[in-house]
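For reference, the structure is listed below as structure tokens.
In what follows, chains carry the letters A, B, and so on, assigned in the order in which the sequence lines appear, proteins first and then strands, with residues in each chain numbered from 1.
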Amino acid sequence: MTTKEGPFLEPEDRSGDDEELRALLAAAGPRPAVPPAELAAIRTAARAEWERSRQRRPRRVWGTGGVWRPLPVLLAASLLLALALGWRWWPRTPSEESVATVTASWGKSRRVPVPRADSAALRAGEALAIGTRLTTDAGAAGGRLALQLASGHAVRLDTGTAIRLVSHSRIALEAGAVYVDSGPAGSGGAGVEIATALGTVREMGTQFEVRIDAGEGAGLAIRVREGSVTLALPAGPQGVAAGERLAVTGDGTLARGRVAGDDAAWGWVLEAAPTPAIEGRSLRWVLDWACRENGWHLRFADPALANEAAAILLHGTLEGLRPDESVAVVLAGAGLAHRVEGGALLVDRRPARTRD
Amino acid sequence: MTPAWAERQSLAGDERALVRRLLAGDEAAFERFSEEYLPPLYRFAQRRLGDRELTREIVQSTLCKAIAALATFRGEAGLGTWLGACCRNEIAGHFRARGRAPAEVELSDEVISAQESLHTPTAAGPEQALLRRERTDWVHAALDALPPRYGQALEWKYLACLPVDEIARRLAIGPKAAESVLSRARVAFRAEYQRLAGGGASPSALASAASGSEP
């Protein structure tokens with residue numbers, strides 16, 4: 001039987017095609033979803049242009065095939081008026097408002113939501129409300145958690161830690177340790193406060209750790225990697241700057257010392273670092289991220305190499321690698337050499353091979 | 001008029017109707033346009049650009065210009081094809097303006113193998129990994145090049161393993177019509193995949209390549 005012209009012409013052939021097609025599609029897997037943030041940004045821009053285009057075109061208010069538009073306009077105006085008068089159309093219980101999201105979890109960690117008494121294991125992407133209490137199991141096989149606060153701060157919990165999310169910008173530390181990173185450019189808004197029984201730590205554009213020391217001479221220890229924090233004590237505030245540590249015992253005794261940004265004491269922070277997606281990111285972005293995590297300064301052998309690093313785009317994933325391991329992988333892929341010296345990551349070109 | 005030709009005309013008519021509704025300011029039409037055409041367009045741009053921020057920038061400018069020029073869409077080519085052509089122009093314009101194309105680095109296969117060997121005793125060879133990635137790209141690009149419901153129908157049947165009745169329900173058509181859509185979709189996918197893969201590959205070769213074995 002002959003067929004006429006058209007784009008989908010071939011006679012159907014079912015001889016084994018179904019299984020072969022299934023194998024091909026199964027091997028490839030589903031098409032990747034567009035990252036939600038990208039999708040939202042593009043939709044917003046497209047909608048704005050669509051709205052503009054609609055306004056440029058003459059609108060049909062009456063007539064055959066037209067749609068009467070005043071009703072949506074009146075509703076929109078009513079909503080604006082109501083908001084201007086301060087009415088709340090959707091009453092929200094403050095305790096249900098999300099103030100943080102779980103970024104990653106390792107081992108065992110739990111949530112005790114308020115007001116319910118049941119607890120639940122935590123998963124990445126889970127939203128956490130004000131008043132939520134989080135705990136991580138202690139010990140070598142214990143749990144760690146990484147969170148993103150609504151303020152943009154990244155917070156990590158070490159093993160054996162218990163915290164409560166008091167508000168958007170206040171965390172009560174009951175046991176263990178938290179590490180806070182306000183990001184390379186700072187949070188741009190209110191800083192985070194870590195409240196403890198001995199005092200409250202306020203950050204000012206930082207990476208820092210607050211640890212409660214249990215047992216005899218129990219107290220509080222603060223280490224700052226970048227920026228500075230202030231510890232509010234009954235006797236008066238104490239500032240702690242980058243590279244410093246401050247210990248406070250129960251009787252108020254203070255002890256200060258130094259801690260390098262790449263000191264081994266920050267090791268647990270690397271273990272609890274969420275792996276970023278690097279597909280399409282520049283080499284420079286990944287190196288900046290890795291250096292921030294490892295507490296290194298980034299140095300290039302020459303300015304041209306720094307420019308090249310910003311122009312090199314990466315494809316692949318670093319899933320399963322720590323930030324320090326990731327550096328070796330991405331630089332090997334880009335054909336570059338590196339070494340770590342004196343708290344700095346030094347990136348250089350590979351020496352050219354010479355012939356024998 | 002064959003059933004295949006009638007189907008194609010129906011799809012073209014459906015897209016022209018969608019564009020008319022967009023021009024008329026139909027909210028549901030905009031939602032459908034965003035859901036069905038935005039993701040394939042994004043993937044189209046991302047495969048060519050790699051960089052996430054540049055992809056977003058190009059797709060945004062493509063969509064804005066396409067929406068402003070919607071009245072010129074005549075339906076001779078599919079709406080997805082038309083958007084793809086607009087996107088190609090945006091990409092070409094971007095690189096003309098910058099005078100160069102970006103350097104791109106794939107984390108080398110040796111590096112990926114080393115990474116995998118940290119966690120598994122044995123790892124796939126680097127060449128096989130590269131071939132698999134290439135074919136994955138071709139499969140996804142071929143699915144994106146089809147009319148949206150063709151690509152969806154194939155994924156529902158072969159990845160989600162949905163029965164035809166469920167596929168029919170999701171497409172809001174009868175079971176016989178769903179069988180027909182699947183049949184057309186298979187044919188269209190084969191043609192598009194062969195075009196992307198360089199032509200001439202037989203189905204058995206396609207499947208063998210997918211599994212990494214020799215045909």
So, taking the atom named CG in A/Asp324 and the one named CD in A/Glu293, what distance separates them when rounded to the nearest 0.5 Å? 10.0 Å
Part of [X] within contact of chain A (heavy atom distance under 4.5 Å):
X: B/Lys65; result: neither
X: B/Asp137; result: neither
X: B/Leu154; result: both
X: B/Arg43; result: side chain
X: B/Leu143; result: both

B/Val59, B/Thr136, B/Leu182, B/Leu63: which one forms the most heavy-atom pairs within less than 4.5 Å of chain A? B/Thr136
Max heavy-atom pairs within cutoff under 4.5 Å with chain A, candidates B/Glu53, B/Glu57, B/Gln46, B/Gln60, goes to B/Gln60
Scored by heavy-atom pairs under 4.5 Å with chain B, the best of A/Gly29, A/Gly335, A/Ala33, A/Ala26 is A/Gly29
Distance-only side-chain donor-acceptor flag, [X] / [Y], under 3.5 Å:
X: A/Gln148; Y: A/Thr103; value: no
X: B/Tyr158; Y: B/Arg186; value: yes
X: B/Tyr37; Y: B/Glu15; value: yes

For the side chain of B/Arg56 and the backbone of B/Arg52, is there at least one donor-acceptor N/O pair under 3.5 Å apart? no
Is it true that a side-chain atom of A/His338 and a backbone atom of A/Leu345 form a donor plus acceptor pair closer than 3.5 Å? no
